[in-house]
Amino acid sequence: MREKILSVLLLLAVSVYMANAQQPNIVIIYADDLGYGDISCYGASKIKTPYIDKLAAAGIRFTNAHATSATCTPSRFSLMTGVYAWRKKGTGIAPGNASLIIPVDKITLPAVLKKAGYATAIVGKWHLGLGGAAGPDWNGEIKPGPNELGFDYSFILPATVDRVPCVYVENHQVANLDPADPIIVSYKEKVGDWPTGKEHPELLTLHPSQGHDQTIINGISRIGYMAGGKAALWNDDDIADKLIEKSTAFISSNKTKPFFLVITTHDIHVPRAPHNRFKNKSGLGSRGDVILQLDATVGKIQSTLDSLGISDNTMIIFSSDNGPVVDDGYADSAVIKLNGHTPSGPLRGGKYSAFDAGTRIPFIVKWINGIKPGKISNALFSQVDLLSCFAALTHQQLPATEAGDSFNELDVLLGKSTKDRPYVIEHANALSIIKGKWKYIEPNGGPAFDKYVSIELGNLPNPQLYDLHKDIGEKNNLAEQYPEIVKALAALLQKVKDNPQTREMKTE
Ligand code: NG6
Ligand code: CA
């Protein structure tokens with residue numbers, strides 16, 4: 001009898017272990033504007049990112065993973081919905097008072113995991129709009145937003161740190177708002193009497209290099225006008241710490257359940273205002289300093305998981321929303337202090353660009369209980385697939401009409417396969433398609449170069465074809481040499497555009 005009880009107990013213990021191993025906690029650390037060459041495990045030699053490198057050494061480092069777009073809002077839209085943003089109007093870089101751009105009746109990344117019993121949260125940059133058609137009511141209930149899309153808890157920077165209002169939103173409210181000091185926001189004209197950078201440059205501690213000359217908050221002029229809500233304003237050099245505080249609090253209070261946490265850092269987007277601990281520590285100016293700050297965030301999240309004893313069964317995904325930019329509108333001396341650092345590594349272009357540096361990003365996955373450590377995967381992979389991967393991981397079937405561009409590439413994510421995605425679409429001004437070694441950029445009449453950010457945008461009026469295996473820097477346009485490949489890839493891209501969803505094209 002005793003033996004029988006023991007074996008039943010053992011079986012139970014094994015099955016609980018198995019269930020846990022199959023159902024890891026998931027933490028996505030989604031950096032902003034971090035380039036393929038910005039961290040040491042991706043080849044940076046002028047800066048060291050030991051915590052991110054450690055993550056890679058304990059998991060898989062992907063060399064050919066892609067964000068869906070070369071800017072923030074569309075990339076995040078696709079990550080959350082499993083649908084290409086370019087299919088939907090109004091998914092470009094969102095102003096700070098935009099309405100929520102994700103329909104609340106669609107299946108989302110957090111909703112998939114919530115359905116599987118996960119506690120879900122987002123902490124950090126949102127930039128997907130808030131509120132209904134009239135936009136967010138900053139002094140009332142801010143709804144719909146992340147909480148209506150499947151996040152149980154949200155603590156967000158509503159848009160970007162260079163856009164007003166410069167306040168945190170916790171669930172449905174501006175955090176620390178004094179009702180006697182209501183917030184006013186406008187993206188059309190000056191509201192209230194707070195000074196602007198344009199009128200009062202003498203008040204600035206960080207000057208704009210382009211745009212960014214409207215309301216001054218904490219000595220930094222922003223995009224958009226605001227006044228009021230003084231008690232609720234964030235401190236720029238505290239943002240990384242605040243996001244760590246809220247993230248670790250969520251992890252600690254959910255340590256016994258499976259949880260899903262998306263940490264969308266402000267780092268390394270502009271304005272770059274590193275905490276004193278990191279100021280002048282990188283030797284590369286403030287852009288390098290905020291890379292160190294980002295690395296420390298990864299370290300803090302990892303050490304929190306370690307100290308709670310839940311590290312081994314937590315999958316950590318580290319990535320970026322789009323490629324790098326050095327001067328993105330503030331004169332923070334990032335350009336002159338680069339010191340030979342190459343944010344895009346061997347790739348051409350950068351943020352905003354159709355060339356690969358726009359969307360090929362660092363992508364690391366670590367999960368001790370489920371992934372063999374120390375691997376490098378060269379598989380072609382896209383962030384648009386995470387939704388389907390997580391559905392598969394939690395044994396859920398997605399309705400045919402939901403997350404229509406998201407493929408189940410779970411075996412690739414977990415390192416059980418290194419098979420390329422059949423193709424990957426990149427979205428900048430122009431759309432591109434990568435299939436195997438070939439990349440085709442469709443003709444586009446836009447400018448070839450953005451002189452403000454000093455980035456080659458990859459737009460040309462004629463087709464471009466590159467062999468990424470031989471020419472990762474996209475230097476030799478082979479379109480004239482291989483017209484039949486151009487034709488085939490253009491046709492495949494057209495098919496992706498014409499079909500409202502592509503899940504059934506997994507075999508193309
Ligand atoms: C641009 C801003 C840039 C940045 C970007 C959005 C100017 C001159 N430039 O319009 O600073 O905010 O929008 O970046 O205003 S993203 O990473 O959120 O897409
Ligand atoms: Ca970004």
Side-chain angles (χ1 to χ4, degrees), residues 28-36 38 66-80 85-86 90-98 101 124-130 156-166 187 196-198 206-215 217 220-225 236 239 262-273 286-287 290-291 294 318-332 334-335 343-344 349-353 357-363 383 426-429 446-447 450-455 457:
I28 300 181
I29 304 174
Y30 205 56
D32 201 349
D33 296 0
L34 185 75
Y36 192 79
D38 269 327
H66 297 256
T68 44
S69 302
T71 52
C72 167
T73 303
S75 256
R76 287 161 203 250
F77 178 92
S78 303
L79 175 75
M80 292 292 173
W86 45 264
T91 56
I93 297 172
N97 60 353
I101 62 168
K125 175 174 171 176
W126 179 242
H127 211 189
L128 292 165
L130 290 165
I156 56 170
L157 304 154
T160 60
V161 173
D162 57 349
R163 284 173 175 75
V164 302
C166 300
Y187 275 77
T196 64
K198 193 168 185 178
L206 179 59
H207 288 259
S209 58
Q210 201 216 342
H212 297 109
D213 63 357
Q214 296 170 345
T215 301
I217 312 284
I220 303 171
S221 46
R222 321 271 167 161
I223 307 172
Y225 301 97
D236 288 82
I239 290 174
V262 185
I263 306 169
T264 41
T265 69
H266 157 57
D267 292 323
I268 61 167
H269 198 280
V270 296
R272 303 171 185 125
S286 57
R287 187 175 184 278
V290 294
I291 294 178
L294 171 70
F318 175 83
S319 197
S320 176
D321 66 338
N322 54 251
V325 52
V326 182
D327 179 345
D328 204 14
Y330 286 99
D332 61 1
V335 176
S344 50
K351 181 177 180 178
Y352 310 109
S353 178
T359 47
R360 195 194 291 217
I361 32 66
F363 190 92
Q383 290 175 0
E426 296 180 337
H427 167 220
N429 264 350
D450 183 326
K451 65 175 191 246
Y452 294 108
V453 292
S454 194
I455 288 174
L457 298 177

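Any value given below was found using the heavy atoms of this structure, including those in side chains, with hydrogens, waters and symmetry copies removed. Order of appearance sets the numbers: ligands from 1, and atoms from 1 within every ligand.
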- request: Can you tell me which residues line ligand 1 if we count any heavy atom under 4.0 angstrom from one of its atoms, in chain and number order?
  value: Asp32, Asp33, Thr71, Cys72, Ile93, Lys125, His127, Thr160, Asp162, Arg163, Gln210, His212, Ile223, His269, Val270, Asn322, Asp328, Lys351, Tyr352

For [X] and [Y], work out which heavy atoms get closest and say how close.
| X | Y | value |
| --- | --- | --- |
| Ile223 | Tyr187 | O-OH, 3.5 Å |
| Pro158 | Leu130 | CB-CD1, 3.9 Å |
| Pro271 | Leu206 | CB-CD2, 3.7 Å |

message: With side chain to side chain contact (heavy atoms under 4.5 Å, CB included) as the test, pick out the partner of Arg222 among Ile217, Thr196, Thr160, Thr215.
response: Ile217

If only protein N, O or S atoms under 3.0 Å count, total around the Ca ion (ligand 2): 5

- request: Determine whether the side chains of Ser78 and Thr68 contain a donor N or O and an acceptor N or O closer than 3.5 Å.
  value: yes

- request: State which residues pass ring pair (Phe, Tyr, Trp, His ring centres under 6.0 Å) with His66; sequence neighbours excluded, sorted by chain then number.
  value: none

- prompt: Does Tyr330 have any ring pair (Phe, Tyr, Trp, His ring centres under 6.0 Å) partners at least two apart in sequence or in another chain, and if so, which?
  reply: His212

message: Looking at Lys351 and Asp450, is any side-chain nitrogen of the basic one under 4.0 Å from a carboxylate oxygen of the acidic one?
response: no

field: Presence of salt bridge, Asp267 and Lys125, under 4.0 angstrom
entry: no

